[in-house]
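The structure appears right after this line, and notes come after that.
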Amino acid sequence: MATCYRHPNRETGVSCSSCGRHICPDCMTTTSVGMRCPECSKQTTQVRNVRASFDARPVVTIGLIAINVLVWFGMSSQSGNFSHAAGRIYADGVLYGPLVHSEPWRLLTAGFLHDGPIHLGLNMYILWFLGNLLEPGLGPVRFGALYLASLLAGSLGVLLLSPSSPTLGASGAVFGLMGAAFVMSKARGIDPMQSGIGPLIILNLVFSLAFAGHVSIGAHLGGLVGGALAGLLIDQSARFRRDAVLPIAACVLVGAISVAGAFAVA
């Protein structure tokens, strides 16, 4: 295990996203592009080339938002109803427990359908916030794997609590990103309550309970637990071996368990 360049007696698996030197929790500074050492975090002017600027963009986050918006427009234009989910896309993609065994794609497609512009806007706003927080540090592949694992965990939560209620929305995946951000912050010695992740989770859980008849508590809780588990496995695997294989495998494992669980309870 590598040691902190400022504290040689402390082992760490985290390195500065700018200079690459290993840093312990006391030396970490959270930025929009990952963890940085004290020296690099003080830099106010950076020389960036076109490739570096492109790599810093949350491209998967932007792509996911674009897909969700396009699907909503397609569903709304097909049904002629922009304020309520309806039409063929909705009927073929919504998550409904009795149809999961014969139409398993619903575990995934339901996460890209939304019931009106407010539902879509809230989920996409939080996705944009969390994507800009997590994707630059994780990288696009690992972030995409985390998102899909959280989405499938949310689908399992739906089938556990309300299998006979048609359910749709990206909230399960979004809650998963919240759970992962919470776990990863704690692992790096950052207080989630001060960073804003803790209050965000609490606020959304209170909202879920207050509007229990209008939102899927199963999706929210399932996604939160699944994302937290995936985040923990990503963090631990990255400390064990610094490559992209194990973190992605961790997300695949969470997703596979979620799918298997969904088939078992559907």
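We use all heavy atoms of the structure for the numbers below, so side chains are in, but hydrogens, waters and symmetry mates are not.
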> Distance-only, no hydrogens or angles: does the Thr167 side chain make a donor-acceptor pair with backbone N or O of Ser165 under 3.5 Å?
Replying inline: yes
> Would you say the side chain of Cys4 lies within less than 4.5 Å of the side chain of His22, judging by non-hydrogen atoms?
Replying inline: no
> What pairs with Val69 under side-chain contact (heavy atoms from CB on, under 4.5 Å), at least two apart in sequence or on another chain?
Replying inline: Ile65, Phe73, Leu120
> Looking only at heavy atoms, which two atoms of Gly131 and Thr61 are closest? And how far apart?
Replying inline: CA-OG1, 3.2 Å
> Less than 4.5 Å apart, any side-chain heavy atom of Asn123 and any of Asn68?
Replying inline: no
> Out of curiosity, Trp72 CH2 to Asp115 CG, how far, rounded to the nearest 0.5 Å?
Replying inline: 10.5 Å
> Are Phe112 and Leu151 close enough, and set up right, to give a side-chain contact (heavy atoms from CB on, under 4.5 Å), and what steps lead you there?
Replying inline: CA-CA 10 Å; Phe112 294 93; Leu151 192 159; 3.9 Å; yes
> Does Ser216 have any side chain to side chain donor-acceptor pair (under 3.5 Å) partners at least two apart in sequence or in another chain, and if so, which?
Replying inline: none
>> In terms of relative ring orientation, are Phe175 and His220 parallel, tilted or perpendicular, with 30° and 60° separating the classes?
In response: parallel
>> For a 4.5 angstrom cut-off between non-hydrogen side-chain atoms, does Leu148 reach Leu108?
In response: yes
> Which pair of heavy atoms, one from Ser258 and one from Ala153, lies closest together, and at what distance?
Replying inline: OG-CA, 3.3 Å
> With Arg6, which residues qualify under salt bridge (Lys or Arg N to Asp or Glu O under 4.0 Å), at least two apart?
Replying inline: none
> Are Tyr96 and Leu152 grouped together when hydrophobic residues (ILVMFWY) are joined by side-chain heavy atoms under 4.5 angstrom apart?
Replying inline: no
>> Is there a path of hydrophobic side-chain contacts, each under 4.5 Å between heavy atoms of I/L/V/M/F/W/Y residues, joining Leu130 to Val183?
In response: no
> How close do Ala266 and Val100 get, heavy atom to heavy atom, and via which atoms?
Replying inline: CB-CB, 4.0 Å
> Does some side-chain heavy atom of Cys251 sit less than 4.5 Å from a side-chain heavy atom of Tyr147?
Replying inline: no
>> Are the side chains of Asp92 and Glu103 in contact, using a 4.5 Å heavy-atom criterion?
In response: no
> Under the ring-ring contact (aromatic ring centres under 6.0 Å, His included) test, which residues partner Phe263, sequence neighbours left out?
Replying inline: His101
>> So, taking the atom named CE in Met178 and the one named OG in Ser150, what distance separates them when rounded to the nearest 0.5 Å?
In response: 10.5 Å
> Considering only heavy atoms from C-beta outward, does the side chain of Leu107 approach that of Leu156 to under 4.5 Å?
Replying inline: no
> Do Arg142 side-chain atoms and Ile248 backbone N/O form a donor-acceptor pair below 3.5 Å?
Replying inline: no
> Out of curiosity, Asp191 CG to Lys186 NZ, how far, rounded to the nearest 0.5 Å?
Replying inline: 6.5 Å
> Which heavy atom in Leu133 sits nearest to a heavy atom in Ala181, and how many Å separate them?
Replying inline: CD2-CB, 4.2 Å
>> As an exercise, state the distance from OG of Ser15 to CE of Met28, rounded to the nearest 0.5 Å.
In response: 9.5 Å
>> If I compare all heavy atoms of Pro38 with all of Tyr5, which pair ends up nearest, and what's the gap?
In response: CD-OH, 3.8 Å
>> Do Pro136 and Phe143 make a side-chain contact, defined as non-hydrogen atoms from C-beta onward lying under 4.5 Å apart?
In response: no
> Taking the side chain as C-beta and beyond, is there a heavy-atom pair between Glu135 and Val59 under 4.5 Å?
Replying inline: yes
>> Show the nearest heavy-atom pair for residues Asn132 and Pro58, with the distance to one decimal.
In response: OD1-CG, 3.5 Å
> For the hydrophobic clusters of this structure (ILVMFWY residues joined by side-chain heavy atoms under 4.5 Å, transitively), does one cluster hold both Met75 and Val94?
Replying inline: yes
>> Measuring from atom OG1 of Thr12 to atom CZ of Arg21, what distance do you get when rounded to the nearest 0.5 angstrom?
In response: 13.5 Å
>> Applying side-chain contact (heavy atoms from CB on, under 4.5 Å) to Leu146 and Leu138, what does each step give before you reach the verdict?
In response: CA-CA 9 Å; Leu146 172 63; Leu138 290 174; 3.9 Å; yes
> Is there a path of hydrophobic side-chain contacts, each under 4.5 Å between heavy atoms of I, L, V, M, F, W or Y residues, that connects Leu232 with Ile234?
Replying inline: no
>> Hydrophobic clusters here meaning ILVMFWY residues chained together by side-chain heavy-atom distances under 4.5 Å, can you tell me if Tyr125 and Leu177 are in one?
In response: yes
>> Let me confirm one number: the CD1-CZ distance from Ile190 to Phe182, rounded to the nearest 0.5 Å.
In response: 12.0 Å
>> Taking transitive links into account, so neighbours of neighbours count too, which hydrophobic residues share a cluster with Ile118 at under 4.5 Å side-chain distance?
In response: Leu122
Donor-acceptor pairs are to be reported for all side-chain atoms of residues 196-206 against protein atoms at under 3.5 Å, with residues two or more places apart or in another chain.
| unit_1 | atom_1 | unit_2 | atom_2 | d |
| --- | --- | --- | --- | --- |
| Asn204 | ND2 | Leu200 | O | 2.7 |

